[in-house]
> 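My questions will all concern the structure given below.
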Amino acid sequence: MKFKIKPYIGAGKIMFGMTSEQIQNILLAEPRKFKKFKDDELYTDAYNTCHIFYKKPGVCEAIEFFNPAVVTFNDINLMNMSYQEIKDLFFKLDKNIQVDDTGFTSYKYGIGVYAPFADECPLDPIEGIIIFEKGYYDRMLY
């Protein structure tokens, strides 16, 4: 399935603010539900291409994609890129990306990239992309 990222809005037909049921109808599948962290109040929906994260009152606030999803931004398939390629691309678009040893986050575009061995193996493909609504990481700090 293809997902075109619309910063701070959603990807493909999935939009932030949608309920689990609405997303199930779009993806034509029933998710496995789990709590990513022990103290999570709401369940995360797990699909074969993504995890959907919810906030109260049960609406989507973030989506984490992984293979076999096709995730595009500016008409570029991000899932086929190495960590170094995608980091270089985003650094041209956002000089303020926040980089750590497992990837980076662009608050300008509401996109984060996960590459568990980013420092040691920057030419390896990325493992995941998260997109999020405004304020998502602010809420994660509390």
> Test of understanding: clusters of I, L, V, M, F, W, Y form through side-chain heavy atoms closer than 4.5 Å, transitively. Do I130 and I97 belong to the same one?
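No, it is not one cluster - the side chains of I130 and I97 are not joined through contacts under 4.5 Å.
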> Are I9 and M15 packed together at the side-chain level, in the sense that at least one heavy-atom pair is separated by less than 4.5 angstrom?
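Yes; the side chains approach each other to less than 4.5 Å.
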> Tell me if a side-chain donor or acceptor on K35 pairs with a main-chain N or O of D40 at a distance below 3.5 Å.
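Side chain of K35 to backbone of D40: a pair is present.
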> Hey, is the main chain of I76 close enough, under 3.5 Å, to the side chain of N74 for a donor-acceptor pair?
no
> Please identify each residue that fulfils salt bridge (Lys or Arg N to Asp or Glu O under 4.0 Å) with K33, with sequence neighbours left out.
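Applying salt bridge (Lys or Arg N to Asp or Glu O under 4.0 Å) to K33 gives D45.
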> Going through the checks in order, is the side-chain contact (heavy atoms from CB on, under 4.5 Å) test met by S82 and D124?
CA-CA 5 Å; S82 72; D124 284 358; over 6 Å; no
> For residues F90 and Y136: do they belong to one hydrophobic cluster (side chain heavy atoms under 4.5 Å, members Ile, Leu, Val, Met, Phe, Trp, Tyr)?
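Different clusters: F90 never reaches Y136 through Ile, Leu, Val, Met, Phe, Trp or Tyr contacts under 4.5 Å.
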> For residues M18 and I26, determine if any side-chain heavy atom of one lies less than 4.5 Å from a side-chain heavy atom of the other.
yes
> Taking V71's backbone N and O only, do any of them form a donor-acceptor pair with K4's side chain (distance below 3.5 Å, no angle check)?
no
> Would you check, one step at a time, whether the test side-chain contact (heavy atoms from CB on, under 4.5 Å) holds for Y107 with Q98?
CA-CA 8 Å; Y107 292 98; Q98 292 189 350; 3.3 Å; yes
> Would M81 and V113 show up in the same hydrophobic cluster when neighbours are defined by side-chain heavy atoms closer than 4.5 Å?
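In one cluster: yes.
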> Report yes if the side chains of E127 and F66 come closer than 4.5 Å at any heavy-atom pair, otherwise no.
no
> Kindly check if the number of other-residue, nucleotide or ligand heavy atoms within 6.0 Å of OH (Y43) is above 12?
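No - once you tally the heavy atoms of other residues, nucleotides and ligands closer than 6.0 Å, there are 12 at most.
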> Counting only heavy atoms from other residues, nucleotides and ligands, does the tally under 6.0 Å from NZ of K36 exceed 12?
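Counting neighbours around NZ of K36, more than 12 heavy atoms of other residues, nucleotides or ligands fall under 6.0 Å, so yes.
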> For the CD atom of E85 and the CG atom of N80, what is their distance to the nearest 0.5 Å?
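Result: 9.5 Å between the selected atoms.
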> Atom NZ of residue position K92 - does it have more than 12 heavy atoms of other residues, nucleotides or ligands inside 6.0 Å?
no
> Compare all side-chain heavy atoms of L78 with those of L89 and state whether any distance is below 4.5 angstrom.
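Yes; the side chains approach each other to less than 4.5 Å.
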> As an exercise, state the distance from CG of D119 to SG of C121, rounded to the nearest 0.5 Å.
9.5 Å
> As a test of understanding, state which of I14, T72, I63 forms a side chain to side chain contact (heavy atoms under 4.5 Å, CB included) with F3.
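Output: one option passes, namely I14.
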> Any heavy-atom pair between the side chains of Y114 and T102 that's under 4.5 Å?
yes
> Any chance you could measure T44, atom OG1, to R32, atom CZ, to the nearest 0.5 Å?
9.5 Å
> Whether the N25 and E21 side chains hold a donor-acceptor pair (N or O, under 3.5 Å, no angle test) is what I'd like checked.
no
> Could you measure the distance from the OG atom of S20 to the CG atom of L42? Nearest 0.5 Å is fine.
10.5 Å
> Going through the checks in order, is the side-chain contact (heavy atoms from CB on, under 4.5 Å) test met by I126 and M79?
CA-CA 7 Å; I126 62 167; M79 295 303 289; 4.2 Å; yes
> Applying ring pair (Phe, Tyr, Trp, His ring centres under 6.0 Å), which residue pairs with at least one partner in residues 11-36 are found, sequence neighbours left out?
F34-H51
> Do Y54 and T19 come within less than 4.5 Å of each other through their side chains, counting heavy atoms only?
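A side-chain contact is absent here, since even the closest heavy-atom pair is not under 4.5 Å.
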> Please check if Y8 and F53 belong to a single hydrophobic cluster, counting links between Ile, Leu, Val, Met, Phe, Trp and Tyr side chain heavy atoms closer than 4.5 Å.
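Yes, Y8 connects to F53 through the hydrophobic network.
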> Taking all atoms of both residues into account, what is the closest heavy-atom pair of A118 and G103, and its distance?
CB-N, 4.0 Å
> So do I111 and I5 actually touch side chain to side chain, heavy atoms under 4.5 Å?
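Counting from C-beta outward, I5 and I111 do come under 4.5 Å.
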> Decide if atom CG of D75 counts as having more than 12 heavy atoms of other residues, nucleotides or ligands within a radius under 6.0 Å.
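No, not enclosed.
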> What is the distance from atom CD of E61 to atom CD1 of I131, rounded to the nearest 0.5 Å?
12.0 Å
> May I ask you to decide if the ring planes of F132 and Y137 are parallel, tilted or perpendicular, using 30° and 60° as cut-offs?
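F132 and Y137: perpendicular rings.
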> Under a 4.5 Å side-chain heavy-atom rule over Ile, Leu, Val, Met, Phe, Trp and Tyr, are Y83 and L93 clustered together?
yes
> Could you list the residues that satisfy side chain to side chain donor-acceptor pair (under 3.5 Å) with E41, not counting sequence neighbours?
K56
> Parallel, tilted or perpendicular: which describes the rings of Y109 and F73, with under 30° parallel and over 60° perpendicular?
perpendicular
> Do I52 and Y47 touch side chain to side chain, with heavy atoms closer than 4.5 Å?
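The answer is yes, as the side chains (C-beta and beyond) meet within the 4.5 Å cut-off.
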